Amino acid sequence: MKLDNLNSKQKEAVTKIGGPILVFAGAGSGKTRVLTHKIAYLIDNIGLPPENILAVTFTNKAAQEMKTRIVELVNHDISGISIGTFHSISAQLLRKNISKIGYNSDFTIYDQQDSKSVVKQVIKDFNLDVKQFDPKTYQIKISNAKNSMKNPDYFKDLSENYSDKMFYQIYLKYQEILKKNNSVDFDDLLTLPLTIFENHPECLKFYQDKYKYVLVDEYQDTNKPQFEFIYSISSLHKDIFVVGDDDQSIYGWRGADISNILNFKDAFGKATIIKLEQNYRSTKTILDAAWHVVSRNLNRADKKLWTDNSEGELIDIVESFDERFESKQVFGKILKYKNELDNVAVLYRTNSQSRIIEDELRKGGIAYQIIGGVKFYDRKEIKDVLAFIKLIVNHNDSVSLERIINFPPRGLGKTTIDKIRSIANDNSSSIFEEIKNIESLNLSIKQKKSLNDFYNLIKNSANRLTRDKGSVIVRNLIKEINLENFYHKQDTVDANERWKNIEELVLGIEEYESSKDDFSLVGFLEEVSLLTDIDRWNKDEKALTMMTIHSSKGLEFDYVFIVGLEEGLFPIIRDFDDNDLEEERRLFYVALTRSRKKVVLSYAKSRRSFGRNLTISKQSRFLNEIPDRLINNKINNKSTISSNDYKDKRVHVIDKGNVVEHKVFGRGVIINVDGVGDSAKLTIRFANNVLKKLISKYANLKKI
DNA sequence: GGCGTTTTCATTTGT
DNA sequence: TGAAAACGCC
């Protein structure tokens, strides 16, 4: 394999073999290139079989891309290699080994919402008030406990007050129910393999022997269980290679431990440390700005990025009266790049900021894709169908059962379900099992019949699992429950949309079957449970991309807009701790360094949170951390609102669906908009179904 | 008791 | 703005 397209540091990182290696890979320093070349080097030059390599990436997409690139570099079949996220690698390990600890290999993976409903049920079962014991809060507490590897026992005797005492009970019961449901939550995916390793040394030994070389990407964002996982596997042979950048550690709130990277040597012993400090991505201006920001942090390893790239353009700052005007201004600036939209990104701190920008882009006819927010697999209709599938695969999954036992409505309401649930609890059996014994239940004939039909529906589908393709079973199921008709008879735009999504889901199953050559629904479920929005993102689509800064990690764009730079929003408000502020600052650093050519920063002097109350905001302190000389138009640090700010409050007239008034034709509805701004061609339907095509700027329309 | 409708309430980030 | 709880009608 050729190494001549690597710089000397990169080459060192690739060819150094033996013992722990830590690579500090700054933003845009060719980290992915190093990782792929390293793996190719191990296979081609060292002769290590691919099945002896474990590489952990941050997203499934990154894993896929890495595989593709390695195939291009080596002349081997690498299908045996293990590349994936921590969660997907662990899920596969659990499929093989989870029976050792009393689960069965068809376990269901619960997402946060599922976990929350289990917690809620537990709280209710303890007869506690859900107002006082907020399920969401307790779900987060449990998650944090697992991320710091504390099992329920840890909390048994530390109960100071009533709420803490109950936390122990809730956590304990929660874990019991998960096991009874043959389900694991996201955190279990990371911790259960460790439990298996601990109780079954032969299993740990197997993986220690199998994975002779371990590589970890985005090492700065590993948390405690993830660290333990790779440590268990590699602490004997110590052939571990981790790549990370402490300046880009942005998942502290999820238990990521920045000390994993800062104290790498302490854990693994004598380690080789290599710093990649040449940046190939950004202009000097951008790097300079990013450096001035991040170097304010105290808790960081010493290093500084440099580049041979040009100075490039200065950074723009956009000031707006409110979030609506901000969106308009950002939209105006985006127009300049409308022929290279796939190179534009709009980044923000919170998903809720996307909507208003989306509105402007839609009105202006700019193609966009949004990452995050309501994920495809999080939509209600999709989750409903998935719940059917989960229940078919795993009858113990009571969360899924409760979701769909009365969907579409079949006359089984809250009271009936409560009855069956309490019997199931008493007999410590699953709800599904109890449905079989309905004869003994105190229920009406109608409900008994309904329950019986439901039972048979699931059971019959399950019986087909070994014979039929998953997609066939699901298609059949959808027909049996008459789902198309359920949505069709509602006859709303929304319902039609939902039905379309369900059709897309089935196509997704078929696509999975043909691409993975796997017809099991278990495999499909696992894939979608662990899929992120980034994984579905198509970077080649001719559209700009909007996403949170967290999602943008690892990506790059020519033109980057960072919006909502206000105190309280970015950095976001919480009970401020220096560590939190440093993490917010790293987040800003990540945002800046996504850009190759040009950065535009924007903030609004007032903002409506939800509903309507407008609150005055102050520009983010981060703006002042960038030296003036790098900024095109420094705006003074005041938060007063002048009357000028109201001048662009003209209502947007051209929008599909708006009712407008025309001097001659009277009132009409805009039914189509072709083009952007004043020159847009509008199709308007006036009284008596008269259709007119008008140019916006000549039409002189008034919005009603 | 079920089911559709209205009200309330909460909004960081994500596997 | 949406989802979940509360409400009120069949």
Side-chain angles (χ1 to χ4, degrees), chain A residues 56-61 84-91 109-117 120 124 130-131 134-137 140 143 146-147 184-191 218 221-223 225-226 249-256 347-356 358-359 371-375 377-380 383 405-419 443-444 446-447 450 490 494 526-535 547-553 564 568-574 580 583-584 586-588 590-591 607-612:
Chain A
V56 189
T57 58
F58 203 68
T59 63
N60 294 295
K61 196 180 191 73
T85 61
F86 272 107
H87 289 85
S88 67
I89 298 273
S90 302
I109 299 170
Y110 280 175
D111 63 19
Q112 198 177 12
Q113 209 183 321
D114 299 329
S115 299
K116 203 184 83 190
S117 44
K120 192 170 171 187
K124 281 186 177 165
V130 278
K131 291 243 162 63
D134 174 41
K136 180 89 180 287
T137 310
I140 290 170
S143 177
K146 288 184 178 184
N147 280 149
V184 303
D185 63 21
F186 280 132
D187 307 308
D188 286 340
L189 284 175
L190 305 174
T191 54
E218 305 283 5
D221 284 324
T222 50
N223 64 18
Q226 291 168 335
S249 164
I250 54 176
Y251 284 98
W253 52 276
R254 191 167 91 178
L347 306 180
Y348 34 78
R349 180 66 237 268
T350 66
N351 280 308
S352 58
Q353 289 166 258
S354 67
R355 180 162 296 118
I356 187 127
E358 196 185 350
D359 284 349
I371 314 293
V374 185
K375 299 183 186 73
Y377 290 101
D378 277 350
R379 289 174 197 200
K380 187 194 170 299
K383 293 204 80 166
I405 190 166
N406 196 33
F407 176 84
R410 50 174 77 84
L412 300 169
K414 193 171 167 295
T415 332
T416 311
I417 297 163
D418 282 347
K419 259 185 213 163
L443 294 170
S444 73
K446 212 179 128 199
Q447 282 159 337
S450 196
Q490 293 175 29
D494 194 51
E526 180 173 310
E527 175 160 297
V528 303
S529 305
L530 301 178
L531 220 50
T532 66
D533 259 21
I534 282 284
D535 298 325
M547 64 185 131
T548 64
I549 301 164
H550 282 90
S551 299
S552 77
K553 195 174 71 158
L569 181 60
F570 192 18
I572 207 153
I573 274 207
R574 40 186 160 187
D580 292 341
E583 183 154 316
E584 292 293 305
R586 289 194 292 271
L587 197 54
F588 186 47
V590 168
R607 187 173 287 272
R608 269 159 284 250
S609 38
F610 59 97
R612 39 206 52 165

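Here the structure is a predicted model, which means the values were calculated and not measured. Naming convention: chains lettered A, B, ... in sequence-line order (proteins, then strands); numbering from 1 in each chain.
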Protein-nucleotide distance ([X], atom [atom1]; [N], atom [atom2]), rounded to Å:
X: A/K419; N: B/dG1; atom1: NZ; atom2: C1'; value: 9 Å
X: A/E584; N: B/dT12; atom1: CD; atom2: P; value: 12 Å
X: A/Q353; N: B/dT12; atom1: CD; atom2: C1'; value: 10 Å
X: A/Q112; N: B/dT13; atom1: CD; atom2: C1'; value: 11 Å
X: A/L347; N: B/dT13; atom1: CG; atom2: C1'; value: 13 Å
X: A/L569; N: B/dT13; atom1: CG; atom2: C1'; value: 12 Å
X: A/D221; N: B/dT13; atom1: CG; atom2: C1'; value: 11 Å
X: A/D378; N: B/dT13; atom1: CG; atom2: P; value: 13 Å

Not counting sequence neighbours, which residues clear ring pair (Phe, Tyr, Trp, His ring centres under 6.0 Å) with A/F407? List them please.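 With sequence neighbours excluded, A/F407 shows a ring pair (Phe, Tyr, Trp, His ring centres under 6.0 Å) to A/F486, given in chain and number order.
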Can you name the residues that form a ring pair (Phe, Tyr, Trp, His ring centres under 6.0 Å) with A/F570, not counting sequence neighbours? A/F588, A/F622
Under 3.5 Å, is there a donor-acceptor pair linking the side chains of A/D114 and A/S117? no
Using heavy atoms to find the nearest nucleotide of DNA chain B for A/S529 and A/T350 separately, return the residue whose nucleotide is more 5′.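 Result: A/T350.
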Between A/K136 and A/I534, just flag the one whose closest nucleotide in DNA chain B comes earlier from the 5' side. A/K136
[N], OP1 or OP2 - any side-chain N/O from [X] closer than 4.0 Å?
X: A/N351; N: B/dG14; value: yes
X: A/T548; N: B/dG14; value: yes
X: A/S551; N: B/dG14; value: yes

Polar pair under 3.5 Å, donor/acceptor by atom type, side chain A/R349, base B/dT12: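 In this structure, the two groups form a donor-acceptor pair.
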Just wondering, do A/H550 and A/I250 contact through their side chains at under 4.5 Å, heavy atoms?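 Result yes, sub-4.5 Å side-chain heavy-atom pair found.
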What pairs with [X] under salt bridge (Lys or Arg N to Asp or Glu O under 4.0 Å), at least two apart in sequence or on another chain?
X: A/K116; value: none
X: A/D418; value: A/K414, A/R421
X: A/D111; value: A/K383

So is the aromatic ring of A/W253 stacked onto the base of B/dT13, judging by whether the centres are under 5.5 Å apart and the planes are under 30° apart?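 Taking the rule of under 5.5 Å and under 30°, the ring of A/W253 does stack on B/dT13.
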Once you apply a heavy-atom cut-off of 4.0 Å, does A/F86 come out as touching a base, just sugar-phosphate, or nothing?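 Here A/F86 touches no strand at all.
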Just the atom pairs and distances: protein N or O near nucleotides 2-7 of chain B's N or O, under 3.5 Å.
{"from": "B/dG2", "atom 1": "OP1", "to": "A/G413", "atom 2": "N", "distance (Å)": "3.0"}
{"from": "B/dG2", "atom 1": "OP1", "to": "A/T416", "atom 2": "OG1", "distance (Å)": "2.5"}
{"from": "B/dG2", "atom 1": "OP1", "to": "A/Q447", "atom 2": "NE2", "distance (Å)": "2.9"}
{"from": "B/dG2", "atom 1": "OP2", "to": "A/T415", "atom 2": "N", "distance (Å)": "3.4"}
{"from": "B/dG2", "atom 1": "OP2", "to": "A/T415", "atom 2": "OG1", "distance (Å)": "2.9"}
{"from": "B/dC3", "atom 1": "OP1", "to": "A/G411", "atom 2": "N", "distance (Å)": "3.2"}
{"from": "B/dC3", "atom 1": "OP2", "to": "A/N406", "atom 2": "ND2", "distance (Å)": "2.9"}

